[in-house]
Amino acid sequence: MTHDEFPTDNPALVTCGLPYANGDLHVGHLRTYVSGDAFSRALRTLGQRTAFVSGSDMHGTPIAVNAEQEGVSPEEFALRHHEQYEETFPRFNVDFDNYGHTHDETNVELTQAFVRTWEENDHVYEKEIQVAYDPEADQWLPDRYVEGECPYCGEHARGDECDEGCQRHLEPGDIVDPVSTLTGNPAEYREREHEFLRLSEFQEYLEGFINRLEGTSNAQNQPREWIEGDLQDLCITRDMDWGIDYPGDGEDDLVLYVWVDAPIEYVASSKQYSERVGTDTYDWEEVWRDGDSEIVHVIGRDIIQHHTVFWPSMLRAAEYNEPRAVCATGFVNLNGKAFSTSRNRAIWADEYLQEGFHPDLLRYYLATAAGFERDVNFSWERFQERVNSELADVVGNFVNRALLFAARNFDGTPDAELTDETETRIAEAMDDYEDALNDYDVRAAGETAVALARYGNEYIQNAEPWKLDADEAAPVIRDCVQLVKAVAVLLQPITPEKAEEAWDQLDADGSAADATVGDCLQATPDSFAEPDGPLFEKIDDERVAELNEKLEARVEEASADEEEGETVESGEDESESESADVEALVEERVGFDDFEALDLRVGRVDGAEGIEGADKLARLTVDIGVETRQIVAGIKQLHDLDELPGTKVIVVANLERAELFGVESNGMVLAAGEDADLLTTHGDAEPGTRVK
RNA sequence: AGCGGGUUGGGAUAGCCAGGAGAUUCCGCCGGGCUCAUAACCCGGAGAUCGGUAGUUCAAAUCUACCACCCGCUACCA
């Protein structure tokens, strides 16, 4: 690794965090992949030799659990998602040089080789720990396979984390009164030998590493708490079948912890690339161990610790090169709030494409909406605004008016010298672009292109070539055509296909994808035809309204479903139970205390009206004795709202407030089944009476 | 609880690490111009005491301390 400015003479490697093969991709994921792809493309425009790789993360408990629920093997389950990802990325012009997965042979072999080296160099030791065991299922219970009481705060907690109480991380063996999530039976603790990587011995190394690490500042700052505190050794094995076998004697069914084999996929994937194109073109061993290289990891900001603590230690222990930079992207919010995949409050990758939008529009939005590490808000309104006013009005319009004028009046590039002013302006943009990339600032790099197009619009407007004769107009149009070329080159990493279109309209040699920054000032073709149309179409208001309606209807449907199917305790992540005729009984029993925690009251509906735009939701005003509440319920189509006032209902009075379809709901009205058959009282209990 | 990040005209966003005159840019708003181009584009204007308080300094959006609110991470969610 060096800290020389890009481009360097060394091979670079850009990687993206592995998507977990467990669900669909949404625009939150895409932000990371688009950023990584744009950065790697941009490095190439600087002339940097670069490979861009990633792969699917196939192992771990959530996949094993979900596969079991679906009744398929973990491998089948994970492969299905892997294939889906592999198809989806290119559709967004995220073009990996190699995209593998952690369960393929290359990664398995490499991972085991890593571990053997660690063992040889004494970076690993065995320790007996207490692990929960389900005697009935005859199975070990790692991580989330076990629940129980948090030893610190006494709250109900998952095996790996006190998710409801104090939020502390729990080590295997910590949890009190463990219960198997497989069978619901009490689990017992048994002694078990596990392998540990001596992270603690890398403390000093990591302190140095974190200070020389480049990339985004969050990646440098967030892990300080760990690195400068006491580092725990990392338990690198799990009692599972699904995963990569711990190398060695093989009598145990220990597999490696997913965070061991996952980042090694970066190595494996680059190795596969190397094997495909030949080591003369790209030598993975040069990159990872034998030579100098520039390794840049692009990840989401939720996995910073893994890439700045575990991973560099793993590399160091195996005598591999360390990364030069870790770039951690912020999250994407939807209309100001976090995505909720269980509530279907997300913009899915497939959905976006099905709407017929060009992938480059979303790429532009995600890559330039805010700084790399800042969170980005997504809304269809904002999407429209940025596409229309920046891509269509500024970039598209400039390219179109310049090339059209040039083709009509000069059949191509006019025979004139580039003016000093424009040449300087373009040269400045090229410098800004290079500086931006050396700051790992994809957004700023993209803005250089838009700024250039903006300059072009001002320039052509002020010069008014349409009022000039041909000789006078020639230098102006000559400049504009050059500006178009520069815009195409500089925007290529972010909107590759659209840049290619501009390149073709210009009839320039080769392709925009192969262009380098220097081409911004290279001559443009003497002749080209009129462009076949503007690069970007505008999105009209009706379309945005339609998209928002779809989104809201979907979210409302999902939350209405959730509301109906809600059981007492909803701490579980996602319950995608197929609705059979009658739902199976919940096996897990709750204590009387848990029941008493619910404040159920008799209420009387005072008013009911539908919520505009929502299919199912109704806004109810309910008198619960002490006060009158506004409650939103998914009963609009199922009841005659006008007849509801006066009806007595049962209300969960101390349910968290929620906002449904923009309306606050302060409580929940209980109803049975799909038809939302309202619960009422048999006698004449007054509103406010507690239900026990 | 600890840690990280954020708070900048009506909305969004940059600047902060390396303090320096009118605080960037986009949308919106008001007025004007122009018409080659997608009713586009160009010019001009109004609008921000940069979350609060206290400090350091000749000088603070920027550095320091404290406070408020928001978001995230805390070892398997991009």
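Just so we're on the same page: letters track the sequence lines, and every chain starts at 1.
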### Query
Under 6.0 Å between ring centres, would you say that holds for His26(A) and Tyr352(A)?
no
### Message
Before we go on, tell me: are the rings of Tyr85(A) and His29(A) under 6.0 Å apart, centre to centre?
### Response
no
What is the distance, rounded to the nearest whole Å, between atom [atom1] of [X] and atom [atom2] of [N]?
X         : N      : atom1 : atom2 : value
Phe39(A)  : A78(B) : CZ    : C1'   : 18 Å
Leu404(A) : U38(B) : CG    : C1'   : 11 Å
Asp435(A) : A14(B) : CG    : C1'   : 16 Å
Glu373(A) : A78(B) : CD    : C1'   : 15 Å
Asp439(A) : C16(B) : CG    : P     : 10 Å
Gln505(A) : U38(B) : CD    : P     : 12 Å
Ile477(A) : C36(B) : CD1   : P     : 12 Å
Phe405(A) : U35(B) : CZ    : P     : 12 Å

Which value, in whole Å, describes the distance between the [atom1] atoms of nucleotides [N] and [M]?
N      : M      : atom1 : result
C66(B) : C30(B) : P     : 47 Å
G31(B) : C50(B) : C1'   : 29 Å
C17(B) : A61(B) : C1'   : 14 Å
U24(B) : U62(B) : C1'   : 15 Å
A48(B) : G9(B)  : P     : 10 Å
A59(B) : G19(B) : P     : 15 Å
G72(B) : G10(B) : C1'   : 28 Å
G28(B) : G51(B) : C1'   : 24 Å

Below 3.5 Å between N/O atoms, which protein atoms pair up with nucleotides 2-4 of chain B? Just atom names and distances, please.
unit_1, atom_1, unit_2, atom_2, d
G2(B), O2', Glu225(A), OE2, 3.4

For [X], report the nucleic acid contact type (base, sugar-phosphate, nothing); a contact means any heavy atom under 4.0 Å.
X         : answer
Gly28(A)  : base
Arg408(A) : sugar-phosphate
Phe310(A) : base
Val309(A) : nothing
Glu390(A) : sugar-phosphate

### Query
Side chains of Thr15(A) and Val298(A): closer than 4.5 Å at any heavy-atom pair?
no
### Message
Quick check against the 3.5 Å criterion: does Asp360(A) have a side-chain atom that pairs as donor or acceptor with the backbone of Lys498(A)?
### Response
yes
### Task
Keeping to residues at least two apart or across chains, list the salt bridge (charged side-chain N to carboxylate O under 4.0 Å, His left out) pairs with something in residues 300-309 of chain A.
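Salt bridge (charged side-chain N to carboxylate O under 4.0 Å, His left out) check on residues 300-309 of chain A returns Arg301(A)-Asp375(A).
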### Query
Should the pair Asp233(A)-Lys127(A) be classified as a salt bridge under the 4.0 Å nitrogen-to-oxygen rule?
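Here Asp233(A) does not pair with Lys127(A) in a salt bridge, since their nearest N and O are not under 4.0 Å apart.
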### Query
Can Arg91(A) and Glu87(A) be counted as an ion pair, charged N to O under 4.0 angstrom?
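So Arg91(A) pairs with Glu87(A) through a salt bridge.
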Geometric class of the [Y]/[X] ring pair [parallel <30°, tilted 30-60°, perpendicular >60°]:
X         : Y         : value
Tyr266(A) : Trp311(A) : perpendicular
His103(A) : His59(A)  : perpendicular
Phe89(A)  : Phe96(A)  : perpendicular

#### Entry: Contact residues, residues 455-473 of chain A to RNA chain B [heavy atom, < 4.0 Å]
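Contacts with RNA chain B under 4.0 Å: Asn457(A), Glu458(A), Gln461(A), Asn462(A), Glu464(A), Trp466(A), Lys467(A).
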### Query
Does NZ or CZ of Arg316(A) come closer than 6.0 Å to the centre of the six-membered ring of Tyr205(A), within 45° of the ring's axis?
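Verdict for Tyr205(A): a cation-pi partner in Arg316(A).
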### Message
On RNA chain B, does the nearest nucleotide to Ala392(A) precede the nearest nucleotide to Ile303(A) from the 5' side, or the other way round? Give the residue.
### Response
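Nearest-nucleotide comparison on RNA chain B picks Ala392(A).
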### Side-chain donor-acceptor pair present, Asn107(A), Thr102(A), cut-off under 3.5 Å
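Checked: Asn107(A)/Thr102(A) side chains show no N/O donor-acceptor pair below 3.5 Å.
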### Query
Does a donor on one side chain and an acceptor on the other come within less than 3.5 Å for His81(A) and Asn22(A)?
no
### Query
To the nearest 0.5 Å, what is the distance between CD1 (Ile477(A)) and CZ (Arg408(A))?
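Answer for the CD1-CZ pair, Ile477(A) versus Arg408(A), is 12.0 Å.
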### Query
So how far is it from Gln482(A) CD to Leu506(A) CG, rounded to the nearest 0.5 Å?
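One finds 8.5 Å between CD of Gln482(A) and CG of Leu506(A).
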Using nucleotides 10-13 of chain B, report all nitrogen or oxygen pairs with the protein that are shorter than 3.5 Å.
unit_1, atom_1, unit_2, atom_2, d
A12(B), O2', Arg382(A), NE, 3.3
A12(B), O2', Arg382(A), NH2, 2.9

### Query
What base-paired stems does RNA chain B take part in, with at least 3 consecutive Watson-Crick or G-U wobble pairs and both distances under 3.5 Å?
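If one scans RNA chain B for consecutive Watson-Crick or G-U pairs, the stems found are B:1-7 with B:68-74, B:10-12 with B:25-27, B:29-33 with B:41-45, B:51-55 with B:63-67.
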### Query
Who are the side chain to side chain donor-acceptor pair (under 3.5 Å) partners of Asp469(A), not counting sequence neighbours?
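Not a single residue meets the side chain to side chain donor-acceptor pair (under 3.5 Å) criterion with Asp469(A).
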### Task
Determine: side-chain N/O of Arg401(A) to OP1/OP2 of U35(B), distance under 4.0 Å, yes or no.
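Negative; the distance criterion is not met.
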